[in-house]
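Order of the sequence lines sets the chain letters (A, B, ...), proteins ahead of strands, with each chain counted from 1.
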Amino acid sequence: DAGITQSPRYKITETGRQVTLMCHQTWSHSYMFWYRQDLGHGLRLIYYSAAADITDKGEVPDGYVVSRSKTENFPLTLESATRSQTSVYFCASSESGPVGYTFGSGTRLTVV
Amino acid sequence: AQSVTQLGSHVSVSEGALVLLRCNYSSSVPPYLFWYVQYPNQGLQLLLKYTTGATLVKGINGFEAEFKKSETSFHLTKPSAHMSDAAEYFCASSGGYQKVTFGTGTKLQVIP
């Protein structure tokens with residue numbers, strides 16, 4: 001299916017565990033982004049990528065790691081999950097220029 | 001640095017009434033401005049965008065927004081609210097770079 005797919009949709013993990021959230025897009029968009037959405041904070045940028053093998057930190061990168069070996073995939077890893085990382089995570093992609101983002105459906109992560 | 005302020009975290013309107021969601025931006029450069037809509041348990045969807053040119057922009061679902069540089073505003077309007085408009089709306093801006101800054105969102109309730 002064309003689009004941007006996030007998996008899993010829901011995840012419960014324990015404090016201290018490593019967890020990876022997956023994001024896959026089929027448009028070959030250059031840019032990909034990871035945001036977290038929390039009540040009262042709106043969306044905050046965690047990491048973004050301008051192309052394969054090019055990534056950069058956003059507003060709240062601590063505790064997260066990303067990679068982008070292929071244009072279509074942009075996984076987000078929580079190295080050692082903490083309760084403060086309980087959130088809804090959104091992946092987005094876009095072409096170059098002010099064209100707006102296309103968002104995935106999100107992953108709701110709960111850290112217990 | 002970009003910042004976006006959405007006035008009112010919750011707005012209620014009657015079905016058929018005017019929808020007005022307020023957004024003010026802060027930017028040191030001419031901004032690109034966006035409105036997104038988020039339905040429950042879904043990702044964000046682009047409603048409309050302003051880049052250059054005409055300051056009144058029309059989007060999907062009958063929404064429109066006007067860029068007013070003198071007021072640093074980009075308010076979203078719809079002449080007549082429909083029940084299906086109930087959702088959360090996010091204003092966003094970028095300063096010519098690919099990264100976008102989001103406001104904290106406004107939940108629109110439509111009363112039958």
I'd like to know whether [atom1] of [X] has more than 12 heavy-atom contacts from other residues, nucleotides or ligands below 6.0 angstrom.
X       : atom1 : value
A:Arg17 : CZ    : no
B:Ile60 : CD1   : yes
A:Arg44 : CZ    : yes
A:Ile12 : CD1   : no

Would you say [Y] ends up clustered with [X] if hydrophobic residues are merged whenever their side chains have heavy atoms under 4.5 Å apart, either directly or through other cluster members?
X        : Y       : answer
B:Leu21  : B:Leu48 : yes
A:Leu21  : A:Val60 : yes
B:Leu7   : B:Val13 : no
B:Val100 : B:Tyr25 : no
A:Val19  : A:Tyr47 : yes

Using non-hydrogen atoms and a 4.5 Å limit, figure out which bit of [X] sits close to chain B: side chain, backbone, both or neither.
X        : answer
A:Arg9   : side chain
A:Tyr101 : both
A:Leu43  : both
A:Gln37  : side chain

Report, by ascending residue number, the residues of [range] in heavy-atom contact with chain A at a distance under 4.5 Å; give 'none' if the set is empty.
range                       : value
residues 101-112 of chain B : B:Phe102, B:Gly103, B:Thr104
residues 34-46 of chain B   : B:Phe34, B:Tyr36, B:Gln38, B:Asn41, B:Gln42, B:Gly43, B:Leu44, B:Leu46
residues 65-75 of chain B   : none

Are there residues of residues 78-95 of chain A that reach to under 4.5 Å of chain B by heavy atoms, and which ones?
-> A:Phe90, A:Ser94, A:Glu95

